S.K.: 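Let me give you the structure first, and then I'll get to my questions.
One-based numbering, in listed order, for ligands and for the atoms of each. This is a predicted model, so every value here is computed, not measured.
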Amino acid sequence: MEIFSYLEKYDYEQVLFCQDKQSGLKAIIAIHDTTLGPALGGTRMWTYHSEAEAIEDALRLARGMTYKNAAAGLDLGGGKTVIIGDPKKDKNPEMFRAFGRYIQSLNGRYITAEDVGTNESDMDQIALETEYVTGLSSYSGTAGNPSPVTALGIYQGMKATAKEAFGSESLEGKVVAVQGIGNVAYSLCEFLHEEGAQLIVTDINKDVVKRAQDNFNAKAVDPDDIYDVECDIYAPCALGATINDHTISRLKAKVIAGSANNQLQSQEHGDILYQKGILYAPDYVINAGGVINVADELIGYNRDRALHNVQRIYKNLEQVFAISNRDQVPTNIAADRLAEERIQAKLNSRSQFITNERNILDRRL
Ligand SMILES: NC(=O)C1=CN([C@@H]2O[C@H](COP(=O)(O)OP(=O)(O)OC[C@H]3O[C@@H](n4cnc5c(N)ncnc54)[C@H](O)[C@@H]3O)[C@@H](O)[C@H]2O)C=CC1
Ligand SMILES: O=C(O)CCC(=O)C(=O)O
């Protein structure tokens with residue numbers, strides 16, 4: 001990968017490679033855009049096949065956070081970290097402390113939180129070295145595990161999307177195919193089951209599938225068969241890029257609404273969904289519950305306020321569908337417009353001279 005041409009193409013600000021031999025830390029912090037404020041985005045720990053794959057993931061996820069935070073109405077920019085390694089085998093407290101020191105060196109340009117492969121205890125280790133971390137264990141009055149809150153946002157967003165697609169927000173009797181029954185999806189299934197939706201689930205981990213079968217009367221299918229099932233809603237809640245050339249023609253759903261980041265393999269897959277009349281709830285709009293929740297820690301965590309703000313996802317999606325209908329564009333493009341309008345408005349306001357920033361007057365004797 002030609003890194004600088006990629007950075008230039010999507011206008012990234014900074015990439016930091018962090019290495020600590022003692023603990024085995026190999027991390028890449030990508031900061032995409034800080035127009036709206038410091039970059040907030042989680043840390044993913046994953047067994048990448050190559051360094052190039054890890055860099056690409058960090059970059060794609062960081063840019064996604066710029067759009068997610070902007071569309072969610074947060075005064076935060078976009079960034080993300082990937083740590084190369086197996087979260088089941090390679091983690092140790094020193095690794096997260098070393099990583100915390102690297103975050104501190106950015107002096108507030110980047111704030112981290114959980115993502116796939118990291119949890120509250122890891123954030124607590126980071127917090128021993130830097131204040132620029134959120135998603136700490138809830139015992140200290142902080143946000144704790146973001147997944148149930150993300151799930152609440154997905155549930156609200158799924159209802160908004162159902163209303164647009166089916167004319168009613170009710171999910172009672174709707175068949176929902178859930179891919180990946182991890183932290184977010186399990187809580188989502190609780191909401192859906194409670195409302196009377198019928199669940200079809202899959203996961204590469206058989207234990208979590210069994211739990212969903214037992215607790216939600218869910219029907220289970222093999223991982224690759226989830227794309228072929230008859231359903232109303234497909235909820236991708238595992239990893240990204242599952243809407244691609246191999247899967248798109250197999251999907252039977254009228255709605256796609258799930259938690260995974262970067263669900264579309266490319267923007268063109270958003271066009272294809274639009275042409276096929278499948279209503280796609282853009283990933284970074286519907287899955288913003290986690291970041292809305294952890295961002296609340298920055299102003300002194302208040303659970304009620306955070307949950308109240310997460311309900312805004314319903315309205316944010318209504319706005320996306322309104323732009324899509326107005327401009328006759330796919331919903332992923334409409335979401336980008338919503339986010340870009342907010343960033344542009346901030347950039348425009350910066351054309352005014354602000355005396356409290358560094359400027360020529362600082363040098364006056
Ligand atoms: N946890 C959060 O608050 C947020 C999570 N997300 C995204 O939502 C997704 C899920 O997050 P979590 O539930 O926290 O992760 P998780 O790691 O708890 O769950 C993911 C599940 O997907 C399963 N899985 C992996 N590959 C699969 C495959 N090929 N087929 C079927 N199942 C597969 C895993 O076995 C696991 O059970 C991720 O893409 C994450 O980036 C986005 C925003 C916030
Ligand atoms: O939800 C989190 O823990 C942090 C935000 C984030 O990285 C995400 O939304 O993907």
Side-chain angles (χ1 to χ4, degrees), residues 29-30 32 39-47 57-58 60-69 71-72 74 76-82 87-88 110-120 122-123 126 133-136 142-154 157 177-189 200-212 220-227 234-242 244 247 257-263 282-298 306 310 313:
I29 303 175
H32 175 247
L40 172 57
T43 294
R44 175 171 294 193
M45 186 163 182
W46 194 248
T47 44
D57 206 28
R60 266 168 61 88
L61 290 164
R63 184 161 175 263
M65 289 309 299
T66 298
Y67 282 81
K68 183 183 301 197
N69 292 338
L74 298 170
L76 291 163
K80 201 96 176 186
T81 299
V82 304
K88 293 205 180 77
Y110 171 68
I111 304 163
T112 202
E114 295 91 345
D115 192 66
V116 175
T118 60
N119 56 36
E120 298 129 277
D122 303 328
M123 299 307 123
I126 293 171
V133 53
T134 56
L136 306 179
T142 39
N145 176 10
S147 303
V149 189
T150 301
L152 172 66
I154 304 291
V178 187
Q179 180 179 40
I181 309 292
N183 293 319
V184 175
Y186 187 82
S187 296
L188 173 66
C189 288
I200 303 176
V201 301
T202 193
D203 201 292
I204 49 174
N205 177 346
K206 292 206 164 39
D207 295 340
V208 296
V209 171
K210 170 90 174 55
R211 193 157 72 119
V221 295
D222 285 338
D224 192 52
D225 294 341
I226 197 77
Y227 305 107
Y234 164 54
C237 298
L239 296 178
T242 61
N244 56 47
T247 59
S259 74
N261 282 311
N262 296 330
Q263 293 170 26
D283 44 15
Y284 65 75
V285 182
I286 196 170
N287 74 12
V291 76
I292 293 171
N293 187 46
V294 293
D296 204 84
E297 275 185 26
L298 300 173
V310 168
I313 289 174

S.K.: Looking only at N/O atoms, are Ala238 and ligand 1 under 3.5 Å apart anywhere?
M.R.: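 Yes, since at least one N or O of Ala238 sits under 3.5 Å from an N or O of ligand 1.
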S.K.: Which atom pair, heavy atoms only, marks the closest approach of Glu297 to Val133?
M.R.: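 Closest approach of Glu297 to Val133, heavy atoms only: OE1-O, 4.2 Å.
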S.K.: Between Ile204, Ile181, Val149, Asp207, which one has a non-hydrogen atom sitting closest to atom 25 (C) of ligand 1?
M.R.: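 Nearest heavy atom to atom 25 (C) of ligand 1 lies in Ile204.
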S.K.: Just so I know, are the side chains of Trp46 and Val116 near enough to count as touching, which here means a heavy-atom distance under 4.5 Å?
M.R.: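 Yes, their side chains come closer than 4.5 Å.
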S.K.: Flag Ser259 as yes when one of its N or O atoms lies below 3.5 Å from any N or O atom of ligand 1, and as no otherwise.
M.R.: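 Such a contact does occur with ligand 1.
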S.K.: Quick check: Val294 and ligand 2, any N/O pair under 3.5 Å apart?
M.R.: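 For ligand 2, there is no N or O atom that lies under 3.5 Å from one belonging to Val294.
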S.K.: Restricting to non-hydrogen atoms, name the atom on Pro236 and the atom on Gln263 that form the minimum distance, rounded to 0.1 Å.
M.R.: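 Here Pro236 and Gln263 meet closest at CG-OE1, 3.3 Å.
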S.K.: Flag Asn183 as yes when one of its N or O atoms lies below 3.5 Å from any N or O atom of ligand 1, and as no otherwise.
M.R.: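 For ligand 1, there is an N or O atom that lies under 3.5 Å from one belonging to Asn183.
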S.K.: Compare every heavy atom of Ala260 with every heavy atom of Ala238, then report the nearest pair and how far apart it is.
M.R.: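 Shortest heavy-atom contact: O-CB, 3.8 Å.
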S.K.: With a 4.0 Å heavy-atom cut-off (strictly under), which part of Asp115 contacts ligand 2: side chain, backbone, both or neither?
M.R.: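 Side chain only.
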S.K.: Please confirm whether Met65 approaches ligand 2 to less than 4.0 Å, judged on its heavy atoms.
M.R.: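 Checking ligand 2 against Met65, which is what was asked, there is a heavy-atom contact under 4.0 Å.
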S.K.: What is the minimum heavy-atom distance between Arg60 and Asn262, and which atoms define it?
M.R.: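 Arg60 and Asn262 have their closest heavy atoms at NH2-CB, 3.3 Å.
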S.K.: For atom 19 (O) of ligand 1, what is the closest protein heavy atom, and at what distance to 0.1 Å?
M.R.: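 The closest one turns out to be Gly182 CA, 3.2 Å.
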S.K.: A side-chain contact here means heavy atoms from C-beta on lying under 4.5 Å apart; do Arg211 and Ile181 qualify?
M.R.: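 Of all side-chain heavy-atom pairs linking Ile181 with Arg211, none is under 4.5 Å.
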S.K.: Note the single closest protein heavy atom to atom 9 (O) of ligand 2, along with its residue, its atom name and the distance in Å.
M.R.: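 The protein heavy atom lying closest is Lys68 NZ, 2.7 Å.
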S.K.: Test your reading of the structure: does Val184 have an N or O sitting under 3.5 Å from an N or O of ligand 1?
M.R.: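 Indeed, backbone or side chain, Val184 has an N or O that close.
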S.K.: How long is the span from the OG1 atom in Thr150 to the CG atom in Asn293, to the nearest 0.5 Å?
M.R.: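 Answer for the OG1-CG pair, Thr150 versus Asn293, is 7.5 Å.
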S.K.: Provide the number and element of each atom of ligand 2 under 4.0 Å from a heavy atom of Gly290.
M.R.: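 The atoms of ligand 2 under 4.0 Å from a heavy atom of Gly290 are 1 (O).
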S.K.: List every atom of ligand 2 that sits less than 4.0 Å from any heavy atom of Val291, numbering the atoms from 1 in the order shown and giving each element.
M.R.: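 Every atom of ligand 2 under 4.0 Å from some heavy atom of Val291: 1 (O), 5 (C).
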S.K.: Run the numbers for me: atoms of ligand 1, each under 4.0 Å from some heavy atom of Val116, listed by number.
M.R.: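 What qualifies from ligand 1 is 38 (C), 40 (C), 41 (O).
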S.K.: Quick one: nearest non-hydrogen protein atom to atom 43 (C) of ligand 1, plus distance?
M.R.: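 Protein heavy atom at minimum distance: Asn287 O, 3.5 Å.
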S.K.: To the nearest 0.5 angstrom, please state how far the CG atom of Leu40 sits from the OG1 atom of Thr112.
M.R.: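 If we round to the nearest 0.5 Å, Leu40:CG and Thr112:OG1 are 7.5 Å apart.
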S.K.: Looking only at heavy atoms of Arg44, does any of them come nearer than 4.0 Å to an atom of ligand 1?
M.R.: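 Contact present.
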S.K.: Determine whether Val178 and Cys189 make a side-chain contact, defined as any pair of heavy atoms from C-beta on separated by less than 4.5 Å.
M.R.: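 Sidechains of Cys189 and Val178: in contact.
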S.K.: Within the 4.0 Å heavy-atom shell around Gly41, which atoms of ligand 2 are there?
M.R.: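 This gives 7 (O) as the contact atoms.
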S.K.: I'd like to check Met123 versus Glu114 (side-chain heavy atoms, cut-off strictly below 4.5 Å). Are they in contact?
M.R.: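 Touching, per the 4.5 Å side-chain cut-off.
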S.K.: How does Asn261 reach ligand 2, if at all, at less than 4.0 Å between non-hydrogen atoms: by side chain, backbone, both, or neither?
M.R.: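 Under 4.0 Å from ligand 2, Asn261 contributes side-chain atoms alone.
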S.K.: Check this for me - ligand 1, Thr202, N or O atoms closer than 3.5 angstrom, yes or no?
M.R.: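 No, there is no polar N/O contact under 3.5 Å.
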S.K.: Atom 20 (C) of ligand 1: which of Ser187, Ala113, Cys237 has the nearest heavy atom?
M.R.: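 Nearest heavy atom to atom 20 (C) of ligand 1 lies in Cys237.
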S.K.: If every non-hydrogen atom of Ala288 is compared with every non-hydrogen atom of Ala72, which pair is closest and at what distance?
M.R.: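 Residues Ala288 and Ala72, closest heavy atoms: CB-CB, 4.0 Å.
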S.K.: Among all protein heavy atoms, pick out the one at the shortest distance from atom 10 (O) of ligand 2; state its residue, atom name and that distance to 0.1 Å.
M.R.: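 For this ligand atom, the closest protein heavy atom is Lys80 NZ, 2.7 Å.
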S.K.: Nearest 0.5 Å please: distance from the CG atom of Asn261 over to the CG atom of Asn287.
M.R.: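 If I round to the nearest 0.5 Å, the distance is 5.0 Å.
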S.K.: Please report the shortest heavy-atom distance between Met65 and Gly79, naming the atom on each side.
M.R.: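 In this case the closest contact between Met65 and Gly79 is CG-O, 3.4 Å.
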S.K.: How long is the straight-line distance from CD of Gln179 back to CG of Leu239, given to the nearest 0.5 Å?
M.R.: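 Nearest 0.5 Å value for the CG-CD distance: 8.5 Å.
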S.K.: Atoms of ligand 2 less than 4.0 Å from Gly42 heavy atoms?
M.R.: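 It comes down to these atoms of ligand 2: 6 (C), 7 (O).
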S.K.: To which protein heavy atom is atom 1 (N) of ligand 1 closest, and what is the distance rounded to 0.1 Å?
M.R.: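 Answer for atom 1 (N) of ligand 1: Ser147 OG, 3.2 Å.
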S.K.: In ligand 1, which numbered atoms sit nearer than 4.0 Å to a non-hydrogen atom of Pro146?
M.R.: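 The atoms of ligand 1 under 4.0 Å from a heavy atom of Pro146 are 3 (O).
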S.K.: Which bit of Thr150 gets closer than 4.0 Å to ligand 1, counting heavy atoms only: side chain, backbone, both or neither?
M.R.: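 Just the side chain.
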S.K.: Which residue supplies the protein heavy atom nearest to atom 3 (O) of ligand 2, what is that atom called, and how far is it?
M.R.: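 The answer is Glu114 O, 3.0 Å.
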S.K.: Which value, rounded to the nearest 0.5 Å, describes the distance between Asp122 atom CG and Ile126 atom CD1?
M.R.: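 Atom-to-atom, Asp122:CG and Ile126:CD1 are 6.5 Å apart.
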S.K.: Just heavy atoms, cut-off under 4.0 Å: does Asp115 contact ligand 1 by side chain, backbone, both, or neither?
M.R.: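 It is the side chain that touches ligand 1; the backbone stays farther off.
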S.K.: Going by the atom numbers of ligand 2, which of them fall below 4.0 Å from some non-hydrogen atom of Ala113?
M.R.: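 Checking each atom against Ala113, I get 3 (O), 4 (C).
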S.K.: What is the distance from atom OG1 of Thr202 to atom CD1 of Ile226, rounded to the nearest 0.5 Å?
M.R.: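 Here the interatomic distance stands at 5.5 Å.
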S.K.: Give the residue, atom name and distance (to 0.1 Å) of the protein heavy atom nearest atom 23 (C) of ligand 1.
M.R.: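 Looking at atom 23 (C) of ligand 1, the protein heavy atom closest to it is Asp203 OD2, 3.3 Å.
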